[in-house]
Asks: 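Starting off with a structure, shown below.
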Amino acid sequence: MSVVRGVDRVLFGGDYNPEQWPEHVWHDDARLMAIAGVNTVTLGVFSWSSIEPREGEYDFGWLDRVIDLMHAHGIGVVLATPTASPPPWFTKAHPEALNRTADGVQLVHGSRDVYDPSADAYREAARRVATALGERYGRHEAVVAWHVHNEYGSVSYGPATDRRFREWLRARYGDLGRLNEAWWSAFWSQRYAEWDEILAPQATQYLPNPTQMLDFRRFSAEVLLECYREQAEILRALSPDVPLTTNFMLPTWLHFDHWDFGAEVDFVSIDHYSDSPGVEGAAHAAFGADQARSFARGRPWLLMEQGANVTQVPGRMLVKEPGEVIRTSLQHVARGSDGALFFQWRAPLAGAEVFHSSMVPHSGPDSRAFREMTELGRVLGRLTDVVAPPEGSDARVVTPRVAIAWEPDSWWALESASLPSDHFSLLASVRRAHRELWFAGVSADLVRLDDDPAALDAYDLLLVPSQLLATDEQAAGLDAWVRRGGHAVVWCFSGTVDADLHVRPGGYSGAFAETLGIRVEEPHPLPKGVAIAIEGGGRAHDWTEHVELRGASVVTRYAEGVLSGEPAITENRRGDGVATYVSAELDDATFTRVVTSALAAAGVRAEAPGAGGGVEVVRRHAGSGVVVAAINHTAETRTVTLRGTPIDLEGGADGADGADGPVVDGPVDLAPGAFVFLHEAPSPS
Ligand code: GLA
């Protein structure tokens with residue numbers, strides 16, 4: 001069974017906006033959905049003004065008819081609450097509940113996401129419309145899941161936010177003395193004498209207080225979670241049999257904690273728009289998929305939105321290469337998604353996203369784009385076996401041996417304007433590490449270090465990209481895991497500050513210093529565009545450090561500049577494990593060398609001989625056993641060694657006809673863009 005209620009097929013379809021079209025088009029939609037093999041639509045995402053045209057007055061007639069039409073065609077409905085886009089009446093009635101920017105500009109309707117998530121009137125209106133929808137459709141057979149809101153991520157300033165921020169701070173710190181200490185508020189005369197003097201960090205004259213900023217991001221992420229919880233509570237009561245999700249936007253909005261949300265939803269769903277064409281786009285898709293599975297703590301999840309016919313790059317919408325959308329969809333499925341859904345079903349004729357991607361483009365069904373969707377629907381129809389969840393309550397759907405640390409506090413901390421270099425971006429560093437593994441043919445999970453420290457035992461290698469902020473507990477968990485035999489690679493500046501953003505005195509990277517067997521005396525950020533040589537022909541750019549050995553041995557030294565001869569990369573054997581420290585930002589070739597030798601030292605190999613370099617091999621655990629997917633994203637024929645029974649992907653979408661096999665055991669040639677799925681044969685013992 002898939003993540004949604006009662007569906008045991010791979011979910012295929014997308015956001016459907018019938019409220020934008022006259023009713024006769026709906027019937028054409030249903031006909032075309034049947035042709036394409038669509039089995040799931042997401043309804044109502046932004047339809048608040050169509051459902052509740054005036055405050056408290058509902059019009060469900062159209063929605064009743066659409067849901068019934070979908071049901072009659074065997075299409076499941078993921079029903080959204082429309083709370084990401086309050087209608088014009090809301091602005092008029094509740095101006096105090098609209099969002100204000102950090103510069104104090106009051107926003108009004110005219111786009112979407114115009115509300116202050118802290119405002120009582122917004123919360124009340126959101127609860128009311130969620131209740132009305134839950135009462136009307138909570139037990140409707142067509143509804144297979146609830147899609148609460150859309151892409152939580154709004155942030156606002158103003159009186160309602162200030163009030164809730166203070167309450168949050170009181171709960172966190174208890175007394176003002178503790179807050180003043182955490183915020184280091186004696187600096188620049190910021191000492192607070194009364195709670196009501198505290199404001200959310202808005203436009204101010206010069207640099208803001210970094211700990212106040214960090215707390216505001218933590219707070220904003222919790223406010224969004226509170227908004228979700230309020231609706232979830234209502235829907236769970238009115239619709240107890242229907243699972244709940246909310247679609248996370250990836251790569252990510254800044255005021256959002258994916259881990260916390262992942263722990264609350266019944267299943268994780270993501271919106272992921274690849275930002276590059278070709279093989280790099282495939283690497284990016286794999287990154288999104290591995291994030292989703294990680295936020296789902298290894299369980300199956302759902303790709304709620306992706307681009308259908310175009311990839312958006314800055315300033316342009318590039319048409320996807322033939323077959324690209326099929327390969328990308330299959331990547332997500334192989335990595336644990338129970339479906340491939342899209343934004344959006346039919347291209348609108350106007351509106352702000354008139355040229356965004358769609359399954360039925362403006363040119364209509366007689367188009368390359370629609371034919372490719374039909375082909376995708378057919379292929380997904382052949383993969384039903386994949387969605388049976390693995391057995392055992394905590395069985396993971398993919399079991400990588402490598403993990404990358406991803407910690408929201410560190411992400412937010414690295415966004416601070418008060419660092420010695422502005423080049424850091426945790427998201428970019430985590431993505432770089434993941435990309436490197438993907439090109440090595442290795443899958444990875446993301447982990448939050450303060451989740452259960454024993455959970456690290458599932459991995460042989462942990463990459464820790466510039467985790468600036470680390471608590472004592474995180475550092476102790478990492479250290480214990482290394483001593484138990486783990487291999488860690490920790491990048492520069494990690495562990496330098498504590499949870500209050502206070503520098504740990506005595507040396508940078510202090511939280512991890514003992515594990516790494518080093519002391520970082522002084523960081524040496526490099527000017528933009530300057531790179532210095534390191535031994536072995538590589539170069540360091542943007543950031544270097546003066547590292548002193550305290551038990552570690554040198555792997556590579558700086559070969560130029562004031563740090564010439566000093567350690568650049570070190571290695572510390574600790575207990576049964578090894579902790580490597582990389583004190584600089586490295587050029588691509590050296591970065592690859594570091595990751596490759598860490599993989600070798602930890603005994604991690606590519607998923608299959610021939611995997612890597614743009615050929616993706618992933619093992620997905622399903623009820624029926626292990627399904628291996630091999631996808632060639634490159635423009636050359638490539639050979640991978642596989643063992644198992646190929647799933648017949650050639651027949652009709654119902655998956656019924658066609659026999660699997662013949663058994664494969666050895667090298668398989670994959671033509672450019674080709675893919676194969678196999679039921680893996682158990683290894684000969
Ligand atoms: C997001 C939203 C959709 C739409 C697409 C744009 O993911 O959820 O409503 O705006 O992006 O392509």
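Residue indices begin at 1 and follow the sequence shown. We use all heavy atoms of the structure for the numbers below, so side chains are in, but hydrogens, waters and symmetry mates are not. For ligands, and for the atoms within them, numbers begin at 1 and follow the listed sequence.
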Asks: Would you call the rings of W406 and W411 parallel, tilted or perpendicular if under 30° counts as parallel and over 60° as perpendicular?
Replies: tilted
Asks: Of F342, F248, F46, which has the heavy atom at the shortest distance from atom 9 (O) of ligand 1?
Replies: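 Heavy atom nearest to atom 9 (O) of ligand 1 belongs to F46.
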Asks: If you count the atoms of ligand 1 from 1 in the order shown, which ones are under 4.0 Å from a heavy atom of H356?
Replies: 6 (C), 12 (O)
Asks: Which atoms of ligand 1 sit under 4.0 Å from any heavy atom of E353?
Replies: 4 (C), 6 (C), 10 (O)
Asks: Quick check on contacts: which atoms of ligand 1 are under 4.0 angstrom from a heavy atom of N150?
Replies: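 Here the atoms of ligand 1 in question are 2 (C), 8 (O).
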Asks: Please confirm whether E151 comes within less than 3.5 Å of ligand 1 when only nitrogen or oxygen atoms on both sides are compared.
Replies: yes
Asks: Quick one: nearest non-hydrogen protein atom to atom 5 (C) of ligand 1, plus distance?
Replies: Y273 OH, 3.5 Å
Asks: Report yes or no: does a heavy atom of R112 sit under 4.0 Å from some atom of ligand 1?
Replies: yes
Asks: Can the positive tip of R346 be found less than 6.0 Å from the middle of the six-membered ring of W21, inside 45° of the ring normal?
Replies: yes
Asks: Mind checking whether W48 and F90 have parallel, tilted or perpendicular rings, split at 30° and 60°?
Replies: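 Aromatic pair W48/F90 classed tilted.
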Asks: Donor-acceptor pair, T101 side chain versus V105 backbone, under 3.5 Å?
Replies: yes
Asks: Could you go through the side-chain contact (heavy atoms from CB on, under 4.5 Å) check for Y152 and L225 one step at a time?
Replies: CA-CA 8 Å; Y152 276 110; L225 197 56; over 6 Å; no
Asks: Is there a side-chain contact between V3 and W301 (heavy atoms, below 4.5 Å)?
Replies: no
Asks: Using atom types as modelled and distance alone, determine if a side-chain donor or acceptor of N247 lies under 3.5 Å from a backbone N or O of E151.
Replies: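 Yes, because the side chain of N247 sits within donor-acceptor range (under 3.5 Å) of the backbone of E151.
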Asks: For D271, counting its heavy atoms only, list the atoms of ligand 1 lying under 4.0 Å from any of them.
Replies: 7 (O), 8 (O)
Asks: Considering heavy atoms of the protein only, find what lies nearest to atom 2 (C) of ligand 1 and give residue, atom and distance to 0.1 Å.
Replies: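 Here the closest protein heavy atom is E305 OE1, 3.3 Å.
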